[in-house]
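Structure first, commentary second.
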Amino acid sequence: MKGGTRRRDDMVYGFEAMVYILCHLMFIYLTFWALQSLRLEKCFKKGYAKQIRILYLLLSIAIGFTVSSFFLQVIQLFKNFVFTFVK
């Protein structure tokens, strides 16, 4: 019995990890897409296109990861809240 339960738990953790990774990547992409609408180039000196692209990438990762973590935490808290009343 224990072997089957452990394997099921491993599958649940693997699925949850995959959901977390996909969620982070989705929000990073959405943030990158949204940042493209801003004209940050006008705030920088001319000739710094590579640095501006890197800034877009780093801002996308930072903002996207933060927003994704927020949503994943809200979902986790909601699951915990529901489980307190189900048991």
Side-chain angles (χ1 to χ4, degrees):
M1 286 299 275
K2 285 186 178 183
T5 305
R6 184 168 183 236
R7 185 176 175 144
R8 176 185 269 170
D9 290 342
D10 291 344
M11 288 176 57
V12 169
Y13 290 133
F15 179 75
E16 189 172 301
M18 189 172 64
V19 169
Y20 273 54
I21 290 170
L22 290 175
C23 187
H24 287 318
L25 291 175
M26 181 187 70
F27 276 102
I28 289 170
Y29 173 76
L30 285 174
T31 305
F32 184 77
W33 176 73
L35 285 175
Q36 296 298 312
S37 67
L38 299 176
R39 296 215 171 244
L40 290 179
E41 307 87 39
K42 299 198 181 231
C43 299
F44 294 93
K45 297 178 186 175
K46 300 235 187 265
Y48 290 95
K50 287 182 183 179
Q51 287 88 343
I52 294 170
R53 283 190 214 126
I54 291 172
L55 179 66
Y56 274 125
L57 181 65
L58 293 175
L59 280 174
S60 298
I61 292 170
I63 295 170
F65 182 81
T66 304
V67 172
S68 177
S69 295
F70 169 76
F71 280 108
L72 289 170
Q73 184 68 32
V74 167
I75 291 169
Q76 188 66 35
L77 290 172
F78 183 72
K79 281 175 31 180
N80 290 342
F81 182 72
V82 168
F83 286 143
T84 58
F85 291 110
V86 171
K87 291 183 178 182

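Put simply, CG on Leu25 and CZ on Phe65 are 11.0 Å apart, with the number rounded to the nearest 0.5 Å. For the atom pair CG of Leu58 and CD1 of Ile63, the computed distance is 11.0 Å after rounding to the nearest 0.5 Å. In this structure, CD on Glu16 lies 11.5 Å from CD1 on Ile21, to the nearest 0.5 angstrom.
Under the side-chain hydrogen bond (donor to acceptor under 3.5 Å, both in side chains) criterion, the residue pairs touching residues 49-67 are Glu41-Tyr56, with sequence neighbours excluded.
Listed by chain and number, the hydrophobic cluster partners of Tyr29 come to none, as no ILVMFWY side chain reaches under 4.5 Å of it. The hydrophobic cluster containing Ile75, built from Ile/Leu/Val/Met/Phe/Trp/Tyr side-chain heavy atoms closer than 4.5 Å, comprises no other residue.
Scanning for side chain to side chain contact (heavy atoms under 4.5 Å, CB included) contacts around Lys45 gives Tyr48, with sequence neighbours left out. Scored by the side chain to side chain contact (heavy atoms under 4.5 Å, CB included) test, Ile61 finds Ile28, Leu57 as partners (sequence neighbours excluded). The side chain to side chain contact (heavy atoms under 4.5 Å, CB included) check on Ser68 picks up Cys23, His24, Phe27, Leu72, with sequence neighbours excluded. Applying the side chain to side chain contact (heavy atoms under 4.5 Å, CB included) criterion to Phe15, with sequence neighbours excluded, gives Met18, Val19.
Both Met26 and Phe70 are members of a single hydrophobic cluster when ILVMFWY side chains are connected at heavy-atom separations under 4.5 Å. The same ILVMFWY cluster, assembled from side-chain heavy atoms under 4.5 Å apart, contains both Ile52 and Leu35. Leu59 and Ile54 end up in different hydrophobic clusters when Ile, Leu, Val, Met, Phe, Trp and Tyr side chains are linked at under 4.5 Å.
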